[in-house]
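See below for the structure under consideration.
The chains referred to below are lettered A, B, ... by the order of the sequence lines, with proteins before strands, and numbering in each begins at 1.
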Amino acid sequence: MNNNLHIYNTLTRTKEKFEPINAPHVGMYVCGPTVYGDAHLGHARPAITFDIVFRYLKHLDLKVRYVRNITDVGHLENDADEGEDKIAKKAILESLEPMEIVKYYTDRYHRNMDQLNVLHPSIEPTASGHIIEQIELIKTILDNGYAYESEGSVYFDVEKYSKDYDYGKLSGRKLEDLLENTRVLAGQAEKKNSFDFALWKKTDPRHLMHWPSPWSEGYPGWHLECSAMGAKYLGETFDIHGGGMDLLFPHHESEIAQSNACRGHDPVKYWMHNNMITIDGQKMGKSLNNFITLDEFFSGDQELLEKPYSPMTIRFFILQAHYRSTVDFSNEALHAAEKGMKKLFNTIELLDKIVPSEKSSIEVEHFEKKFYEAMDDDFNTPIAISHLFDLSKLVNQVNDGKETLSDIDLEFVKNLYDVFVFDVLGLVNEEEKGDDQLVGQLMDTILNLRKDAKLNKDWSTADKIRDELGKLNIKIKDTKDGAEWSQ
RNA sequence: GGUACCGUGGCCGAGUGGCUAGGCGGUGGUCUGCAAAACCAUAGACGGCGGUUCGAAUCCGUCCGGUACCUCCA
């Protein structure tokens, strides 16, 4: 397929035509979760954003290798003092093995992702499984003179690096500014400059996770894992690197620096960053302690939630905003997403009932074109979805006899929804009737009894059946062609 | 303080110079024994001020308000 995809590249701050380095192969790396807590709504954003990228690239017949890491080693919590490892810290508090926690939260993360219908990445490497690669990387950077050892730890020499390369090219930061702004902070005696970041950190007695290295018993710096694993599985230069905007600096900036210090060139062609989800206008995040976990959304068991919201409602809600915009959480907005998505699926179900006409009064190819235009324009899912709604309105009018669709066009529309809604947008109709045959037959029997009652104008019986089924969470819809039910 | 970004109708949210965004909600209608659902129709907007232009939500200036990053964060 001929692609006309344009991607907004954070590196150049412009939309660029997407030209894979080794077409039809595409390498994509996305920063995954740190597994020391349950996934919240904020984690769903990049997962779904890059799931769409993954799905759409595959739809364009590109061969994508999608790598999403699991950070299980932990980040430096505070460069200024002991540099605590987050995962280890929680382990002490809970008296569990660190790897026990990692396993527990990784499993829960995977379950949430499955619920959101996020496709599994091609490779999901862990930081702890690539300590050797990270140590090799540090050695090379040391050999190339862009790092120095200090008291058993190794730091990246940003000032030295800046003489040969542009530190700040991604985030737009200038070294002088960094210097001014960080100089005030507490004395970090080990480092030459406050903005130098750790490549290897010597462990302290409170740490549970540490590994031997030429410099000390310790653990790798946070930015290193992505450099090591990206290069290992996607090559020294690959196509797309994604992550949240909050990772832009220092994480991604430092990744670029590490690659250059090591290999003399940038690691990535297109940098993509999703924006944040806000709550009351503020970023939803761990540090602000204002997050709602995905499980809480699904169960509705959280004081801020008026009701449970299904995984697909969350997915649709996120897709209704462009990935580079912030999206504000509210019950009203989620409710709107829920209703809107339902409307879309009603149309899709309706398609099976429509009787084709001789000729079409609608030009259906138009909608296919519009959908691709929207997706090609930096994955503009809200626009793509708006076209699906427009088409939906027309399909409803066909059902009302105001518009017509030919045999061929009807199939075209069905296929269009199949491909766009299910394959590309990755939505699933959660209201699907149970495929249990017995239940179906039982429901038919019950609805027939109710039909008889209605024919006899026995409204109290008819209403009782409806109410009793309602208590079982089964909804009855009286349509022109008889009653329908759904769970 | 530095850097980047945003301010669109009751709510969410697209849109970069002229052409209906879309969804939810509201209102009116169709259908129905009633209700719900569904469907159709419809109103309402571009933070303030100034400028550029035949014409600005869209460009420029300014003011006001908000956010993110600079420390772990998706």
Side-chain angles (χ1 to χ4, degrees), chain A residues 10 13 30-34 36-37 39-50 74-80 84-86 168 171-174 176-182 184-185 194-195 222 242-251 253 273-278 281-288 291 316-317 320-322 324-344 346-347 350 374 380-390 392-393 395-397 399-400 402 454 457-459 462-463 466-467 470 475-480 484 486:
Chain A
T10 311
R13 314 263 164 183
V30 174
C31 293
T34 304
Y36 63 89
H40 59 75
L41 188 59
H43 292 95
R45 189 95 196 260
I48 290 172
T49 296
F50 294 104
H75 300 164
L76 299 178
E77 197 167 56
N78 189 349
D79 281 68
E84 189 121 34
D85 181 320
K86 269 195 177 173
S171 58
R173 257 157 249 264
K174 292 188 180 65
E176 309 89 73
D177 297 336
L178 289 172
L179 202 64
E180 282 175 20
N181 295 320
T182 37
V184 204
L185 294 175
S194 54
F195 46 66
W222 169 39
M245 257 180 196
D246 47 357
L247 298 179
L248 223 151
F249 189 89
H251 185 52
E253 190 71 63
H273 291 93
N274 64 273
N275 214 320
M276 303 292 109
I277 287 181
T278 59
Q282 268 200 318
K283 173 180 156 180
M284 187 182 281
K286 285 202 176 79
S287 42
L288 290 166
F291 62 91
F316 194 75
F317 169 68
Q320 271 197 306
H322 186 85
R324 282 190 286 114
S325 303
T326 56
V327 57
D328 199 51
F329 156 82
S330 72
N331 280 284
E332 215 177 341
L334 278 171
H335 188 69
E338 187 177 46
K339 296 270 289 196
M341 185 175 64
K342 209 173 154 196
K343 184 177 187 167
L344 216 49
N346 276 331
T347 301
L350 194 61
N380 199 330
T381 51
I383 291 290
I385 288 171
S386 80
H387 292 307
L388 295 179
F389 276 117
D390 288 343
S392 171
K393 180 167 282 188
V395 170
N396 287 325
Q397 288 178 340
N399 188 50
D400 287 352
K402 289 177 189 164
K454 285 177 74 173
K457 296 195 190 292
D458 180 1
W459 309 127
D463 289 349
R466 186 171 64 194
D467 294 346
K475 289 184 196 116
I476 301 298
K477 278 198 254 177
D478 287 321
T479 71
K480 269 184 249 175
E484 290 176 2
S486 60

Can you tell me which nucleotide in [options] comes closest to the side chain of [X]?
{"X": "A:D328", "options": "B:C72, B:G13, B:C40", "result": "B:G13"}
{"X": "A:K343", "options": "B:A4, B:C39, B:G2", "result": "B:C39"}
{"X": "A:F317", "options": "B:C24, B:C12, B:A74", "result": "B:C12"}
{"X": "A:K339", "options": "B:G33, B:C24, B:A74", "result": "B:C24"}
{"X": "A:F249", "options": "B:A68, B:C70, B:G13", "result": "B:C70"}
{"X": "A:N346", "options": "B:C11, B:A38, B:C40", "result": "B:A38"}
{"X": "A:R173", "options": "B:C40, B:C69, B:G10", "result": "B:C69"}
{"X": "A:A336", "options": "B:C24, B:C40, B:A74", "result": "B:C24"}

Distance check, [atom1] atoms only: [N] and [M], in whole angstrom units.
{"N": "B:A56", "M": "B:U16", "atom1": "C1'", "answer": "10 Å"}
{"N": "B:U8", "M": "B:C49", "atom1": "P", "answer": "16 Å"}
{"N": "B:A43", "M": "B:G28", "atom1": "C1'", "answer": "11 Å"}
{"N": "B:U62", "M": "B:G2", "atom1": "P", "answer": "15 Å"}
{"N": "B:G50", "M": "B:G44", "atom1": "P", "answer": "25 Å"}
{"N": "B:U58", "M": "B:G51", "atom1": "C1'", "answer": "15 Å"}
{"N": "B:A68", "M": "B:G13", "atom1": "P", "answer": "15 Å"}
{"N": "B:G9", "M": "B:G47", "atom1": "C1'", "answer": "14 Å"}

Any strand: nucleotide that pairs with [N] via Watson-Crick or wobble, under 3.5 Å:
{"N": "B:C59", "answer": "B:G51"}
{"N": "B:G26", "answer": "B:U42"}
{"N": "B:G9", "answer": "none"}
{"N": "B:C69", "answer": "B:G2"}
{"N": "B:C34", "answer": "none"}
{"N": "B:U16", "answer": "none"}

Side-chain heavy-atom pair [X], [Y] within 4.5 angstrom cut-off:
{"X": "A:V327", "Y": "A:N275", "result": "no"}
{"X": "A:W459", "Y": "A:K457", "result": "yes"}
{"X": "A:F195", "Y": "A:R173", "result": "no"}

Query raised in the report: From A:D328 CG over to A:Q282 CD, what is the distance, rounded to the nearest 0.5 angstrom?
Result: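 One gets 10.5 Å once the value is rounded to the nearest 0.5 Å.
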
Requested in this report: Identify the heavy atoms of A:R45 and A:M276 that sit nearest to each other, and give their distance.
Outcome: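 Taking A:R45 first and A:M276 second, the nearest heavy atoms are NH1-O, 3.3 Å.
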
I'd like a list of close polar pairs between nucleotides 14-16 of chain B and the protein, N/O only, cut-off under 3.5 Å.
residue, atom, partner, partner atom, Å
B:A14, OP1, A:H322, N, 2.7
B:A14, OP1, A:S325, OG, 2.8
B:G15, OP1, A:N380, ND2, 3.3

Requested in this report: May I ask you to verify whether the side chain of A:D390 and the base of B:G23 hold a donor-acceptor pair under 3.5 Å?
Outcome: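 In this structure, the two groups form no donor-acceptor pair.
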
Report task. Would you kindly check whether a donor in the side chain of A:R466 faces an acceptor in the base of B:A36, or vice versa, at under 3.5 angstrom? Result ->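 No.
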
Requested in this report: Could you pick out which residue, A:Q282 or A:S386, lies toward the 5' side of RNA chain B when each is mapped onto its nearest nucleotide?
Outcome: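 The residue mapped nearer the 5' terminus is A:S386.
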
**Report entry** Residue whose nearest RNA chain B nucleotide is more 5′ - A:D246 or A:A333
**Finding:**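 That would be A:A333.
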
Query - Residues in side-chain hydrogen bond (donor to acceptor under 3.5 Å, both in side chains) contact with A:T326, at least two apart in sequence or another chain - result: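 Checked A:T326 against side-chain hydrogen bond (donor to acceptor under 3.5 Å, both in side chains); zero matches.
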
Query raised in the report: If only side-chain N and O atoms of A:T34 are considered, is one of them under 4.0 Å from the OP1 or OP2 phosphate oxygen of B:A74?
Result: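 So the side chain of A:T34 is within the cut-off, an N or O lying under 4.0 Å from OP1 or OP2 of B:A74.
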
Report task. Take the angle between the ring planes of A:H40 and A:F291 and call it parallel below 30°, perpendicular above 60°, tilted in between. Result ->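 The rings of A:H40 and A:F291 sit tilted, inter-plane angle from 30° to 60°.
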
Query raised in the report: Is a salt bridge present between A:D390 and A:K393, judged by a nitrogen-to-oxygen distance below 4.0 Å?
Result: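 No, no charged N to carboxylate O under 4.0 Å.
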
Just the rounded figure in Å: distance from [atom2] of [N] to [atom1] of [X].
{"X": "A:L288", "N": "B:A68", "atom1": "CG", "atom2": "P", "answer": "7 Å"}
{"X": "A:H251", "N": "B:U71", "atom1": "NE2", "atom2": "P", "answer": "15 Å"}
{"X": "A:N275", "N": "B:C6", "atom1": "CG", "atom2": "C1'", "answer": "9 Å"}
{"X": "A:N274", "N": "B:A4", "atom1": "CG", "atom2": "P", "answer": "21 Å"}
{"X": "A:R13", "N": "B:A4", "atom1": "CZ", "atom2": "P", "answer": "8 Å"}

Query raised in the report: Hey, is A:F389 doing a stacking thing with B:G23, by the 5.5 Å centroid and 30° angle criteria?
Result: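 It does not: the two rings, one from A:F389 and one from B:G23, miss the stacking criterion.
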
